[in-house]
K.L.:
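Shown below is the structure under consideration.
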There are 2 protein chains.
Amino acid sequence: MGSSIEYQRSSDPSRESRLLDAAAGLFVHYGFDKTTVAEIAREAGVSKGAVYLHFESKDELLEALILRELQAYADSWLGAVENHPSGGSIGGMVRCAMQALHGHPLMVAILRSDVGVFGNYLRKPESLLRRARGRSTRKAFVEAMQAAGVIRTDVDPAVTAHIMNMLSFGLVAIEQVIEADEAPPLDALLDGIAEFMDRALTPVGGGNHEAGKAILREFRAAGQERLAKVTHAG
Amino acid sequence: MGSSIEYQRSSDPSRESRLLDAAAGLFVHYGFDKTTVAEIAREAGVSKGAVYLHFESKDELLEALILRELQAYADSWLGAVENHPSGGSIGGMVRCAMQALHGHPLMVAILRSDVGVFGNYLRKPESLLRRARGRSTRKAFVEAMQAAGVIRTDVDPAVTAHIMNMLSFGLVAIEQVIEADEAPPLDALLDGIAEFMDRALTPVGGGNHEAGKAILREFRAAGQERLAKVTHAG
DNA sequence: CATTGACCAGTATTGTATATTTGGTCAACA
DNA sequence: TGTTGACCAAATATACAATACTGGTCAATG
C-alpha cells in the first residue's frame, strides 16, 4: 500500500512484458495462489530476483497485469469498432465488445471475478479494480451516447447501463451453467445480440455511427487517464 | 440413486412443509454442508428420526426442497403475469419473472448455482436440476411465443433464448459485483427491462397478450409434468 | 401404527510436531 | 549497473493420533 519510494525501474520493456506474459499464462492455468514467483521467473527466462527489479511484489505484478489487460482489451474493442462497418451503432459496439473478449481470457476472468484465477486479490478493498471502478462510468457512457444521438433518449441511462452490465456478466456467467452444445454458434449469437441491442436502443431515425465511434475514442482516452492516475496514487 | 422401495410416507403435509421450511432457512443461512439433519429436525420441532420418515436422505430432502422451490417460483411468476395488465407481453413476462425472484432466495441461489448454499449437489450429474433441464426448453418457449404472435418472427429463437438466459444469469451475477447504491431502484429497473425487451422482441403490430398468457400456462403445466416424471424415475 | 433418541460406522476436525515451500531480501558478482 | 541465486522468516503442507460430529438405522416406546 503506502508505496514507499519511486525506485529506478529497468527500462527494458520487453523483459517486463515477458514476465507479464508468463504470469498471465500461469495465472489462467494454475491460479494466482498456486503460481509461484519462481515459476513466473523461470517461464520468463530470468531469475527470481529479477522479478523484483520490475515489480514491488507479487500483488503489484498482478496489478500491472490487470492494468495491461484492461488496456489491451480496450484497444481490441476500439480496434474492432473502428473496423466494423456498423461498429458505431450501439449493437455494433456491444457486438465488438463481446467479440474482443476472445483472446482475452484474463478479461473474462476479471468480469467473472474469478477467484480461481486471482485468488482473493480482486476482493481486497485496495485492489486496482476497486480503485479504478468509476462510480457510474457506464451511466455517463450511456448519457454521452444519448447526447450524440447513438442511443434513443427516452430511456433511463442508469437503467440502460445496468442492463448492459447484466448482459456483460450474463455472457460470462452463463458459460459455467450451459452445456457448450446448447449455445448457438458464436457468430449467430453476436449478430443476434447486436440486432437485439439495436432494436432496443437505436433512435427511430437510426443512430449516428461516426458520433458513436468518436464518443468511444473519447471514453477510451479518459479511461486511460483515469487508470494512470489510479496507478500513480497508490 | 437406484431408489429402492416406495415406502409408506407420512400423509401429514404440514410436517413435511415445516421440515422443508426449516431446511430452506438453514441452507440459505449456513449452506447445505454446514447444516446438520439434527438442526433441521430441531428447527422443525421434530426428532431427527422423523426426518427420515419423510425423506430418504439429506440429499433427497434437498431435492424435494428444490422441487418445491421451482414450483413455488413458477406459481409466483404465473400469478404475477396473470395479474399484471401487460403480463402477456414478452417484456411483461420478463418483468414478472424478475419481480417474482423476490421472496425466492433459493431460486436466486439456483440460478447462481450457489455452491455455498447447495454444497456440491448442483454439480452432481444426477442432480434434480440436471435431470430436469430440458435440452432446449427456452428455445421451444421462444418458438411457441413466436407462433403465438407474442415475439417477432424474424429473430433466431435459439439466439433469443440464449439472450434471455444471459439476462437471467446476469441479473443475479451482477449483484455480487455492483455496490447496492449503484443499482437503480428496483421498480425503475424492472420497468426499464420490460421496455427494453418489448422494444427488442415485440412484433411491429404489438403482441397478442392473451396468447402469451395462454402459452405460459401451457408451459407451466408441461413443466410440472416433466418435473413429476423426473422425480418419479430416480 | 407413528415416533423417538440411543446407537453405529465413517468422516471431519483438532492438536501437535515436523518438513516443505513461499514471497521477498541482499551481499556478491559480472 | 544490472543481475543473480543463496538465504530468511513466515506461511503452508504433511503426518498422524485423538476426538467430535455426521448422516443414517432401528429396537424400544407410547
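All chains are named by letter (A, B, ...) in the order of the sequence lines, taking the proteins before the strands, and each is independently numbered beginning at 1. All heavy atoms count here, side chains included; hydrogens, waters and symmetry mates do not.
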K.L.:
I need the NZ-C1' distance between A/K58 and D/dA10, as an integer number of Å.
P.N.:
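Answer to the nearest Å: 15 Å.
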
K.L.:
Is it true that A/E43 and A/R18 make a salt bridge, defined as a side-chain N closer than 4.0 Å to a carboxylate O?
P.N.:
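A salt bridge is absent here (no side-chain N lies under 4.0 Å from a carboxylate O).
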
K.L.:
In terms of side-chain heavy atoms of A/A50, which of D/dT4, D/dG23, C/dG24 is nearest?
P.N.:
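Looking only at heavy atoms from C-beta outward on A/A50, the closest nucleotide is D/dT4.
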
K.L.:
So if I take every side-chain heavy atom of B/L53 and compare against C/dT3, C/dG23, D/dG5, which nucleotide ends up nearest?
P.N.:
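Selected nucleotide: C/dT3.
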
K.L.:
Within this structure, what is the CG-to-P distance between A/L26 and C/dG23, rounded to whole angstrom?
P.N.:
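My rounded result for the distance is 12 Å.
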
K.L.:
Would you call the rings of B/F141 and B/F219 parallel, tilted or perpendicular, taking 30° and 60° as the class edges?
P.N.:
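Answer is perpendicular, since the angle exceeds 60°.
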
K.L.:
In this structure, how many angstroms lie between the P atom of D/dG24 and the CD atom of B/E56, rounded?
P.N.:
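Checked: the CD to P distance equals 10 Å.
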
K.L.:
Is B/Y52 reaching over with its side chain to a backbone N or O of B/K58, donor-acceptor style, under 3.5 angstrom?
P.N.:
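Not at all, since once roles are kept as given, no pair shorter than 3.5 Å links the two residues.
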
K.L.:
Could you state the OH-C1' distance from A/Y52 to D/dT4, rounded to the nearest angstrom?
P.N.:
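After rounding, the gap between these two atoms is 15 Å.
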
K.L.:
Side chain of B/K48, heavy atoms from C-beta onward: which of C/dG23, D/dG23, D/dT3 has the nearest atom to it?
P.N.:
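When the side chain of B/K48 is considered, D/dG23 is the closest of C/dG23, D/dG23, D/dT3.
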
K.L.:
Does this structure show an ion pair linking A/E39 with A/K34, if we count only N-O contacts that are shorter than 4.0 Å?
P.N.:
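Salt bridge absent between A/E39 and A/K34.
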
K.L.:
So which nucleotide from D/dG23, D/dT4, C/dG23 ends up closest to the side chain of A/T36?
P.N.:
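It is C/dG23.
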
K.L.:
Can you tell me the distance, in whole Å, between the CZ atom of B/F32 and the P atom of C/dA12?
P.N.:
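Value for this atom pair: 13 Å.
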
K.L.:
Looking at the side chain of A/V37, which of D/dT4, D/dG24, C/dG23 is the nearest nucleotide?
P.N.:
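Output: C/dG23.
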
K.L.:
Using whole Å, what does the distance between atom P of nucleotide C/dT21 and atom NZ of A/K34 come to?
P.N.:
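Checked: the NZ to P distance equals 15 Å.
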
K.L.:
Taking the side chain from B/R130 and the backbone from B/R123, do they hold a donor-acceptor pair closer than 3.5 Å?
P.N.:
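Looks like yes, one N/O pair under 3.5 Å.
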
K.L.:
Report the distance from atom CG of A/D59 to atom C1' of C/dG24, rounded to the nearest whole Å.
P.N.:
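Interatomic distance, CG of A/D59 to C1' of C/dG24: 12 Å.
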
K.L.:
Please state how far atom CG in B/D33 lies from atom P in D/dC21, giving the value in whole angstrom units.
P.N.:
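About 18 Å, once rounded to whole Å.
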
K.L.:
With a 4.0 Å limit, can you tell me whether B/R15 has a side-chain N or O closer than that to the phosphate oxygens OP1/OP2 of C/dA2?
P.N.:
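For B/R15, the contact criterion (side-chain N or O under 4.0 Å from OP1 or OP2 of C/dA2) is not met.
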
